[in-house]
Amino acid sequence: MAGRKRKLLVTAVAPEETVTVNENNNSTDSNHKTTFVNLKKFPQCENTQCAETERSHYFLNSDLQRKLGEDFFNQPCVSLAKEFLGKVLVRRCADGSELRGRIVETEAYLGGEDQASHSAGGKRTKRNMAMFMKPGTIYVYPIYGIYLCMNVSSEGEGAAVLLRSLEPLQGLPLMRQMRAARRKEGARQLKDKELCNGPSKLCQALNISRCFDQRDLASDPEVWVERDTKTSSVRPHDIVSAPRIGIDSHGEWAKKPWRFYLRGHPCVSVVNKEAEKLKGNE
DNA sequence: GTAGGGATGGTCT
DNA sequence: GACCATCCCTACA
């Protein structure tokens, strides 16, 4: 079965075009309009029709689009970080086009006692004010001088969820263009799964700039989150809990298993095989 | 595919 | 002045 291909009709992105999808792995064809969902590991995508076709209907039928309101964001940080998995982040561009990506990896930063959080000890600065604003407030901050990360505040003083990785669903050519703008001229072309597999990469691909800081994800016309009603909900077994990335200097707090990702998903930035073997993650 | 190292400049102390 | 919730490129297996 490896390598077998089938034709799919993509009605929402390009109504007249067909795309070829390798149903066994995440490889792509040359026109960049393919899905890279690993259909074996994500059976919810392998319905009577393919995931891409399903999504096409999903995009066209407004009844099936479920924009998440403030109630969704008003839950404890760890809970929200898990609930984000499988939801769809949408970015509407100035020209009306929409970019979509399914959230596949998050991290919870609890604020207050969490020494790895920007709001540790209740510390408020000009930069992290969004973490203390109402649940659903976007916190965009620059890191390493040249990159950005996007968080969403949750219930709890100074608590927020970092969005780490997306599975690109719609608008891949534009995402690729946005990502290429930051890379060397002549650099190899990025695979689909590499477009949003990191916190700064997703900001680049979706053109999330610092002007989105302190904006409300529940009411903003340019960025929001949708419930994906066309795929089955994420089961607890699908979620891997692992230590957070890049906070080694924070001792015990670095070991807290507050990074969450979808098991086996090709778009996860860092797979933690040890964590996947642990009780509760197996 | 994976590991290692360099680039980079905003933020905080 | 040090730190940093990252990324990219290169070398190597």
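When both distances must be under 3.5 Å, the Watson-Crick or G-U wobble mate of B:dG1 is C:dC12. Base pairing annotation: B:dT8 forms no Watson-Crick or G-U wobble pair, as no partner gives both donor-acceptor distances under 3.5 Å.
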Tabulated below should be each protein N or O lying under 3.5 Å from an N or O of nucleotides 8-10 of chain C; please produce it.
| unit_1 | atom_1 | unit_2 | atom_2 | d |
| --- | --- | --- | --- | --- |
| C:dC8 | OP1 | A:Arg179 | NH1 | 2.6 |
| C:dC9 | OP2 | A:Arg183 | NH2 | 3.0 |

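Between A:Thr125 and A:Ile143, it is A:Ile143 whose nearest contact on DNA chain B lies nearer the 5' terminus.
The CZ atom of A:Arg124 sits 18 Å away from the C1' atom of B:dC12 (whole-angstrom rounding). One can place CZ of A:Phe260 at 15 Å from C1' of C:dA5, the figure rounded to the nearest angstrom. Summarising the geometry, the separation between CG on A:Asp248 and P on C:dC4 is reported as 10 Å, rounded to the nearest angstrom. Atoms CG (A:Asn151) and P (C:dT6) sit 11 Å apart, rounded to a whole Å. Here the C1' atom of nucleotide B:dT2 and the NZ atom of A:Lys273 are 10 Å apart, to the nearest Å. Rounded to whole angstrom, the span from the OH atom of A:Tyr109 across to the P atom of C:dC4 amounts to 12 Å. The distance between atom CD1 of A:Ile247 and atom C1' of C:dC4, rounded to the nearest whole Å, is 12 Å. For the pair A:Ile146 CD1 and B:dG9 C1', the interatomic distance rounds to 8 Å; values are reported in whole Å.
Between A:Arg127 and B:dC12 there is a side-chain N or O to OP1 or OP2 distance below 4.0 Å. Within the structure, a side-chain polar atom (N or O) of A:Lys123 is placed less than 4.0 Å from OP1 or OP2 of B:dT13.
Each of A:Arg259, A:Arg244, A:Lys201 was checked for a salt bridge (charged side-chain N to carboxylate O under 4.0 Å, His left out) with A:Glu105, and the lone residue meeting it is A:Arg259. None of A:Lys87, A:Lys67, A:Arg102, A:Arg66 except one satisfies the salt bridge (charged side-chain N to carboxylate O under 4.0 Å, His left out) rule with A:Asp228; the exception is A:Arg102.
Side-chain contact between A:Met150 and A:Phe212 is absent, with no heavy-atom pair separated by less than 4.5 Å. With contacts defined as side-chain heavy-atom distances shorter than 4.5 Å, the pair A:Tyr139/A:Met133 does not qualify. Contact annotation: the side chain of A:Asn151 approaches that of A:Tyr141 to within less than 4.5 Å [non-hydrogen atoms, C-beta and beyond].
When heavy atoms are screened at a 4.0 angstrom cut-off, A:Arg259 is found touching no nucleic acid atom at all. Contact annotation for A:Ile245: backbone-only contact, meaning every heavy-atom pair under 4.0 Å involves sugar-phosphate atoms and none involves a base. Within the 4.0 angstrom heavy-atom criterion, no nucleotide atom of any strand lies near A:Met129.
Of all nucleotides listed (B:dG9, B:dT11, C:dA5), B:dT11 comes nearest to the side chain of A:Pro142. Considering only the side chain of A:Arg210, B:dG10 comes nearest among B:dT13, C:dT6, B:dG10.
Heavy atoms of other residues, nucleotides or ligands lying less than 6.0 angstrom from CD of A:Glu155 number more than 12.
Evaluation of atom-type donor-acceptor distances gives no pair under 3.5 Å for the side chain of A:Tyr144 against the base of B:dA7.
For the pair A:Glu252 and A:Lys255, the salt-bridge criterion is met [side-chain N within less than 4.0 Å of a carboxylate O]. Look at A:Glu157 and A:Arg124 and you find a salt bridge, because one of the NZ, NE, NH1 or NH2 atoms lies within 4.0 Å of a carboxylate O, short of that distance.
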